[in-house]
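Working notes for the structure below.
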Amino acid sequence: MSSGLFKLSFRHGIHPDEHKDQTAHRPFERMPFADRLILPLRQHTGAPCEPVVGVGAEVRRGQVLATPGGFVSTTLHSPVTGRVTALAARRHPNGQMVPSMEIDTDAYSSQRLPPASSIDWRALTLDGFIEEVQRAGLVGLGGAAFPTHVKYKLPDGRRCERLVVNGCECEPYLTSDHRTMVERPEAVVRGAEIVATMLGAKETVIGVELNKLDAIETLRRVVGEGPTRVIGLNVKYPQGAEKMLIKSIFDLEVPAGKLPIDVGIVVNNVASMAAVADYFDRGQPLIERGVTVAGPGVDRPSNLIVPVGTSVRDVLRHCGLNHETRQVIMGGPMMGMPLASLDVPILKGTSGILAFTDEVVDHTAEYACLKCGRCLEACSNLLNPARLARLARAGRWNELEMNYVMDCMECGACTYACPSGVPVVHLIRAAKTSIRKRKAKGE
Amino acid sequence: MTDHAVDSSRLYDEFVKGIWKENPVFVQVLGMCPMLAVTNSAVNALAMGLATAFVLIGSSVLVSLFRRLIPRQVRISTYIIIIATFVTVADFTLEAVVPTVHRELGAFISLIVVNCLILGRQEAFASRNPIHVALADAVGMAIGFAFALFCLGATREILGSGSLFGVSLFGENFEPWVIMVLPPGGFLMLGFILLFFNWVQQRRTLRPSRVSPATREAA
Amino acid sequence: MTQPEPHLLLRAAPFLRRGLTTPGLMTEVILALVPVILAAVYFFGVSALLVLTATTLGAVATEWLLSPVRPRGVALRDGSAILTGLILGLCLPPGLALWMAFLGGVVAIGLGKLAFGGLGQNLFNPALVGRAFLQAAFPTALTTWVPEGTITEVLSVRSGTFAAPFMQSSVDAVSTATPLGVMKFENVATPVADLLLGNSAGSLGETCGVVIIVCGVFMAWRRLFDWRIPVAILASVAAFSAVVWVFDPQASPSPAFMLGSGGLLFGAVYMATDPVTSPIAPRGVWIFGIGVGALVVLIRLWGGLPEGVMYAILLMNAATPLIDRISQPRGFGRGRAAA
Amino acid sequence: MNDLLWIFVSAMVINNFTLYYFLGLCPFFGVSGQLKTAFRLGLATIFVMLITSLCASFLNAFVLPHAPYLKLIAFIVVIASTVQFVEMLIRKLSPTLFRALGIFLPLITTNCAILFLALTQTSRDYSLVQGVSFALGAGSGFTLALVLMAGLRQEASLASVPEIVKGTALNMIIAGLLSLAFMGFAGLFSAV
């Protein structure tokens, strides 16, 4: 227990109300297969994938639908047995129309995965392993949906010394990672073991916030006396951000503009680890994921195993969407996406669906910035958000860059903390976009 | 139009512009050092205005007269020496005629030499124009400058001492706003006057657009 | 089975707020001023109330009339104009002519705040701008101190209070000097206990040290201001004056006297802590506080004026942009600590 | 010693050239938009003021007693040419220093603060050392005011200043408030 009691943390950050008890004790249930799934060809960061089946094709559950469109891209599998009915532009949760594949579920299929043998990963080279991970369609399940295999491609001259498994789940409301750790600790540890062995990491650390004591305990029991450590971390947002997690665990700051691998660390989400284990042990690619459905807008908050591509409307109906809902968020309440329509699919990176009613929707009126410094104390990136917001309003691009605006990870802590209701992170986000555009134009 | 008419209307334009449209203080914000330092009373302001006018007009005429004789390379130094000469004359004259005012203005009379307004007019105008045009310009600018000084001096004296030209305006019981004769009052008062000036300009530019539809209808 | 499509709100993340609001914070600060106001009324009677009303009216009227925020009056909702008016009133002498107090409120908001674009944009503390303007405009009236009252005289009002606008307020026979004045010009120190309990002459809000300290602790606890500012100011005043005092205990005031007298406590708690005009980063805040403390000691001990808190804070307000510049947070993964 | 200190402090903060005597307002408003330029101009001014003070002491001792009516012209001509000479010297000796300060030198020569320094020093009959103290005080006071002003103006440039206040009026108001704050230094060290 000793290591769990250390005050492990990073500087600044915020303590929003957790709202996790709604679902923290609800075990995963399986969401029934919907009649129709929509699978955008781009559910991950990077290039879209390229379809290998045409309209009208009969597909089995787990069959490859599309192959990677580049290295930073991944494979797409069919979450159901059924028929491809369309290959056309469909609404993406981000609001844009993107090329997607539509599949009608075969109502008479058992939807059983075809039996597949486990893969002898120990026989693989690192490059072979990376290919397999890409073939599994894995992306980071924490929310950013960055193709997992890309992280394993170590840059020249870099070695992976340590593997960090991210079980912080610092976003309020969300508990799907929590449930994964409690219900499938073996898979999490097994996945971590596979990755650590392949990357040659000497040390594996699973970081879990101390508001999930049962998860810590369960994981510790599974880990036993092995080389893997489970570390309890003080609860604080945004601890789930890679660099903050590394700071908390190792008291190490990843230099600005660099990646964790530059200090010899690879960070993976707990659910991603379980997905790795699923693929290498059972041959199951990433076709479904755990999603927390919560918020006062649903009558039955739950943790669901949802086939990727299921529409948000189906998921919310399954949990009893009520009439008071005013706002639906995909992801967590701090960094998630607001949905304009419910007819958008659950993606590989969707960790939660939150339905907010008027009571919880933020109605803060905007007042003048008083330079009170609360955003500064919230910013774990050690920036001066108040100044950045003012500069962003004035369009002072050069000064913004001099004040490290590009370091901002848009965690939203500044906006959360602002008593004047200034949309700090929105201004910063817009400024970053403008700066990137100007750079693209200029160079 | 005859040449003569063109000439006289141009003279008039050059003369008038300095008073309002290109007022050296309110619009060009030149010569602020004497502007603020000596305007704590109307008398001082006026004396300073007159002294500056004398130097400005005198040196403009002289520079314009010799404009073809002054070599380009040393023109600035020549202007400064001409100006300095006039300032010395003004300095000694004031000392002889109104010693009290001279004492109050102190070193600021000498500082007319480095008033950027005067040097600026020589460089930008007098050295490029015939003598009568230069004279019109100088007189206009001098009046504009003196007018601005007077405005500032008068307001500061009225608020700061409750008097104008030393004559008490509001009776015995008036509580003077001492700050107005102190340095901060100078800055603030000029700020207010400029603000007022901006306000007038703004209303002028706003008015046509606001009124135009109605006017058009009426027409 | 058919459910109505909820009319969905589209606002970008984050979707949660901490639940603090600017008007809420302002209200709390105003509440924290109430004990000081009550103390002022206790010591100076009705005239204290009159002065406070006049400054607040001046401030509010100016904000209403000149604020660019439309519709008119919306700018008043954040409560900052009232706060400015009250704080200004509390640093004026009791019995001041009401038209002067009103003018102070007008100048504080007009010149100190609205000229720069309103709340959050001002460079100098508005209340102090008003106070410094009055001090420079009417030096005599602003340094005419009536003795702290007794309960029996609660209703008495100085005759000059109601002087017609722009006219002198005739000076009453009874006037006295503040403890700092007595110290400066007669080298006699008022007992510290009297300073803390309010048994001395001075501005409305500054005489009763105990009340200010209690309110300050309350505000620090509610995190209404950065506690570092008053701590830095008071500690540095104590430290600097202690050094001087140790060398020359006869001619210089004791640190305790320095802390308790004049507007130091009031200024440190209510005026220097204005977030708009003080640095934002903790490091900058320390520099700011120590700067104020050093200037206070400098002006009080070697300057021509008995009291320097107001000027010290104004000067450090002026230096705040520069301090902010050198005390920027360093950025995660930058500087020494970066791996 | 106290005398020198008082001359220094007085010229620096009590009777600050810019905020009390309204001198050097052109560069004060012209250059204070940028902090870095403001600081460099300030340093250059200190330097020119030192030279001015030395020149004025020299002229007062050797030239002006014979021709008092030449005071103004002599000051201007001698100071300008000395500064010009020093400028050439710096350009030769240290190009870096020249790039940092040199470009400002000719500008400053025509600054009324310089002439005022020379005239005041003369009328107060300062000795050489007193003159140097005076020049240092005036120069650092000018720098202080300039740098504070630059900081404030940069801050104000981010504020939503009303249209009619923007520009010179705002600068005047900032300068006025700064000057008001400097009134706190009144009488500093006068009792010492």
Side-chain angles (χ1 to χ4, degrees), chain A residues 14 16-17 172 243 252-258 263 297 317 321 323 325-329 333-342 354 356 361-362 364-365 367-374 376 379-384 386-387 403-404 407 412-413 415-417 419-421 423 425-426 429, chain C residues 1-26 69 74-75 77-80 117-122 223-226 274-282 284-285 320 324-325 327-339:
Chain A
I14 54 172
D17 284 343
K243 292 184 178 181
L252 193 72
E253 276 188 29
V254 179
K258 294 284 171 82
V263 292
R317 266 186 202 161
L321 177 66
H323 297 252
T325 301
R326 289 277 291 119
Q327 189 173 43
V328 175
I329 297 153
M334 296 303 295
M335 292 187 75
M337 241 185 301
L339 296 184
S341 156
L342 298 185
L354 306 178
F356 278 7
V361 167
D362 156 41
T364 324
Y367 291 90
C369 167
L370 296 183
K371 301 168 197 166
C372 65
R374 284 182 171 85
L376 212 114
C379 184
S380 56
N381 256 348
L382 310 184
L383 304 176
N384 181 346
R387 183 158 188 83
N403 284 285
Y404 312 135
D407 287 7
T415 309
Y416 171 83
S420 289
V425 75
H426 312 64
R429 213 181 280 143
Chain C
M1 187 62 211
T2 47
Q3 286 195 358
E5 172 86 26
H7 180 72
L8 294 178
L9 196 72
L10 272 180
R11 266 180 86 158
F15 306 99
L16 298 180
R17 293 280 191 167
R18 184 156 171 201
L20 294 169
T21 62
T22 300
L25 296 178
M26 292 281 182
V69 181
V74 166
R77 281 189 204 160
D78 56 45
S80 58
L119 184 61
Q121 321 275 8
N122 47 304
R223 301 204 52 217
L224 297 175
F225 60 56
D226 195 334
D274 173 14
V276 179
T277 53
S278 58
I280 191 166
V285 164
T320 292
D324 260 338
R325 194 165 279 260
S327 62
Q328 284 283 306
R330 65 176 163 83
F332 186 88
R334 295 184 183 272
R336 268 180 297 117

Legend entry - Check against side-chain contact (heavy atoms from CB on, under 4.5 Å), C:Leu16 and A:Asp17: CA-CA 9 Å; C:Leu16 298 180; A:Asp17 284 343; over 6 Å; no
Region of [X] that comes under 4.5 Å of a non-hydrogen atom in chain C:
| X | result |
| --- | --- |
| A:Met334 | both |
| A:Leu370 | both |
| A:Ile329 | side chain |
| A:Ala365 | neither |
| A:Asp407 | side chain |
| A:Lys258 | neither |

Spatial distance of atom [atom1] ([X]) from atom [atom2] ([Y]) [nearest 0.5 Å]:
| X | Y | atom1 | atom2 | answer |
| --- | --- | --- | --- | --- |
| A:Phe356 | C:Leu8 | CZ | CG | 13.0 Å |
| A:Gln327 | C:Arg11 | CD | CZ | 8.0 Å |
| C:Leu9 | A:Arg326 | CG | CZ | 5.0 Å |

Between [X] and [Y], what is the shortest heavy-atom contact and its length?
| X | Y | answer |
| --- | --- | --- |
| C:Phe332 | A:Ala256 | O-CB, 3.6 Å |
| A:Pro338 | C:Ala12 | CG-CA, 4.4 Å |
| C:Arg223 | A:Arg374 | O-NH2, 2.6 Å |

Legend entry - Pairs of heavy atoms under 4.5 Å with chain A: top-ranked of C:Leu119, C:Asp78, C:Asp226, C:Leu10: C:Leu10
Inset, instruction - Could you have a look at C:Pro279, C:Ser80, C:Ser278, C:Pro23 and say which one has the most heavy-atom pairs with chain A under 4.5 angstrom? - result: C:Pro23
Got [X] and [Y] here, is their nearest side-chain heavy-atom distance under 4.5 Å?
| X | Y | result |
| --- | --- | --- |
| A:Val425 | C:Pro14 | yes |
| C:Gln328 | A:Leu383 | no |
| A:Cys372 | C:Thr22 | no |

Legend entry - Presence of salt bridge, A:Arg387 and C:Asp324, under 4.0 angstrom: no
Legend entry - All side chain to side chain donor-acceptor pair (under 3.5 Å) counterparts of C:Asp274, not counting sequence neighbours: C:Thr277
Legend entry - Qualifying residues under salt bridge (Lys or Arg N to Asp or Glu O under 4.0 Å), relative to C:Arg18, sequence neighbours excluded: none
Inset, instruction - Counting only heavy atoms closer than 4.5 Å, note whether C:Leu25 contacts chain A via side chain, backbone, both or neither. - result: side chain
Legend entry - Top of A:Ser380, A:Gly373, A:Gly336 for chain C proximity - count of heavy-atom pairs under 4.5 angstrom: A:Gly336
Inset, instruction - Select, from A:Gly257, A:Pro423, A:Gly421, the one with the greatest count of heavy-atom pairs under 4.5 Å involving chain C. - result: A:Gly421
